[in-house]
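Structure first, commentary second.
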Amino acid sequence: PEAGGDLLRDGAGVLPTGRNIYALDPYRMPGPSAIIRGTAAAEAILEAHRTANEGAYPETVSVALWGLDAIKTKGESVAIVLALVGARPVKEGTGRIVRFELIPLDEMTHPRIDCWTNVSGIFRDSFQNVLDLLDDLFKRAAEADEPLEMNFIKRHVRDMEKDGLENPTARLFSNPSGDYGSMVNERVGASNWDDGAELGDTWVSRNSFSYGRGQEKGTARPEILESLLRTTDRCVQQIDSVEYGLTDIQEYYANTGALKKAAESAKGDGSKVGCSIIETFSSEIKPRELEDVIRIEYRSKLLNPKWADAMVASGSGGAFEVSQRMTAMIGWGATAISEDWTWDQASAQYVFDEQMATKLREANPEAFKNIVARCIEASGRGMWNADEATLERLQNMYNDLDSQMEKAA
């Protein structure tokens, strides 16, 4: 048996082919290529943040540790955390990583950034050894004999200690042990929410459980997470496939979007929290702002006539995919970004184009009904400034669909 991998990313070590392979050895995460790319990504994230914030470093950064992403990249997200904190892996004779050691400040080009991680259920269950090493790293960083202005972890831990918080070095947060998901997408799908801040609160309630060494296996620490959210200036999310993006999968807005909204709500001063999106499938390591990526995806997929025609030609399944992305537009509108032009074009393309509407309705009446309903919902929630005539057309269309489907039932 041998670890599998990509020849270009992981080198000749993946050869010869034909062996019994496993995804990766968790005790060798992050791998060599992941360290190179993760370090470069961290440097680019800091540079972009400073450019947009008059040279100021982010004091706290949240990094998403998702299981499948980590498996595909051999731990790039972990390497990003190490680079921001200022640490490197220490290996034993067999090549396994046994510790993340702190890099001396005089060898670093930036202060130690305080990092906390949004850990997916798959990562939590698959890579406990990595969580143990990271937990140990954060504890040692907080105890380092370094000035507070150069060690943001230590600064924030001292502030939490003054407030009497228990285990102030906790930085690894996920769902309760054995549980999965933020439930934000369920609430958006059911239209069971009032405002974006409420969705952020839902995310916090589902992800305030701390993991690490010893008995720290899902301990509820909402007060620590809330304190970290108040100082969070940026979050980081990787996209690990060219086949899907932020607007294709509900979990992106349900986690990254809701986390961003939770941090902005915790700050309470109206300031925005930046979000860096890193594509791991590209040779280019260039962080992009979440809002820019979403706009590009809307233009290239949902609002692209060629994409729309291909989806509709796929029948019921294609109509469902369009419907799901309209629901995701609501989710992103509640947590991060909503602009009139997206709803103007979406309604014109899928609802008011008679040929398109007929094809969608015939292929999947429930999906088409949801598309119309999401347009109405967007207007009602203030995401779309539709005029009265447009809203009346939408409402009449929805009522007709409802009546027709009721008769058919």
*Is the cationic atom of R325 (NZ for Lys, CZ for Arg) positioned less than 6.0 Å from the six-membered ring centroid of Y350 and within 45 degrees of its normal?*
no
*Side chains of R124 and N175: does their closest heavy-atom pair fall under 4.5 Å?*
yes
*Would you check, one step at a time, whether the test side chain to side chain donor-acceptor pair (under 3.5 Å) holds for Q128 with D132?*
CA-CA 6 Å; Q128 181 61 51; D132 288 349; 2.7 Å; yes
_Between T117 (side chain only) and V119 (backbone N and O only), is there a donor and an acceptor less than 3.5 Å apart?_
no
*Rounded to the nearest 0.5 Å, how far apart are CD1 of I80 and CD1 of I113?*
13.5 Å
*Grab the two heavy atoms, one from I330 and one from W193, that are nearest each other, plus how far apart they are.*
CG2-CZ2, 3.8 Å
*Are K286 and E279 within salt-bridge range, i.e. N to O under 4.0 Å?*
no
_From H110, R234, R50, residue fulfilling side-chain hydrogen bond (donor to acceptor under 3.5 Å, both in side chains) relative to Y57_ = R50
*How far apart are the C-alpha atoms of N167 and T169, what are their side-chain angles, what is the distance that settles it, and do they pass the side chain to side chain donor-acceptor pair (under 3.5 Å) test?*
CA-CA 5 Å; N167 193 12; T169 60; 3.3 Å; yes
*For the student: nearest non-hydrogen atoms of E297 and I239, plus distance*: OE2-CD1, 4.3 Å
*Provide the closest heavy-atom pair for V188 versus R374 in the form atom of the first, atom of the second, distance.*
O-NH1, 3.5 Å
*Examine Y252 together with W66 and report whether their ring centres are nearer than 6.0 Å.*
yes
*So, E107 and R88, do they make that salt bridge, N to O below 4.0 Å?*
yes
*Does the distance from a Lys or Arg side-chain N to an Asp or Glu carboxylate O, for R381 and D194, drop under 4.0 Å?*
no
_Let me confirm one number: the CG-OG distance from N364 to S314, rounded to the nearest 0.5 Å._
12.5 Å
*asked:* When you compare the side chain of V90 with that of F100, does any pair of heavy atoms fall below 4.5 Å?
replied: no
*Cationic tip of R393 within the cone over F352's six-membered ring, i.e. under 6.0 Å and within 45° of the normal?*
yes
*Are R171 and D114 close enough for a salt bridge, meaning some N to O gap below 4.0 Å?*
yes
*Exercise: identify the closest heavy-atom pair between Y211 and S174*: CE1-CB, 3.8 Å
*Looking at W341, is R295 sitting on its ring face, NZ or CZ under 6.0 Å from the six-membered ring centre and within 45 degrees of the normal?*
no
*Does the distance from a Lys or Arg side-chain N to an Asp or Glu carboxylate O, for E59 and R155, drop under 4.0 Å?*
yes
_Under 4.0 Å between a side-chain nitrogen and a carboxylate oxygen: does that hold for E186 and R206?_
no
*Measure the spacing between CZ of R288 and CD1 of I277 and express it to the nearest 0.5 Å.*
10.5 Å
*Is it true that K306 and D309 have a side-chain N and a carboxylate O under 4.0 angstrom from each other?*
no
*asked:* Could you measure the distance from the CD1 atom of I371 to the CG atom of L360? Nearest 0.5 Å is fine.
replied: 5.0 Å
*Decide, yes or no, whether a salt bridge links K139 with D135 under the criterion of side-chain N to carboxylate O below 4.0 Å.*
yes
*Non-hydrogen side-chain atoms of P30 and L82 separated by less than 4.5 Å*: yes
*asked:* How long is the straight-line distance from CZ of R112 back to CG of L148, given to the nearest 0.5 Å?
replied: 13.0 Å
*Carefully, step by step, assess S276 and Q237 under the rule side chain to side chain donor-acceptor pair (under 3.5 Å).*
CA-CA 6 Å; S276 299; Q237 174 71 61; over 6 Å; no
*Check the pair K154 / E143 against salt bridge (Lys or Arg N to Asp or Glu O under 4.0 Å), numbers first and verdict last.*
CA-CA 7 Å; K154 183 175 181 179; E143 296 167 356; over 6 Å; no
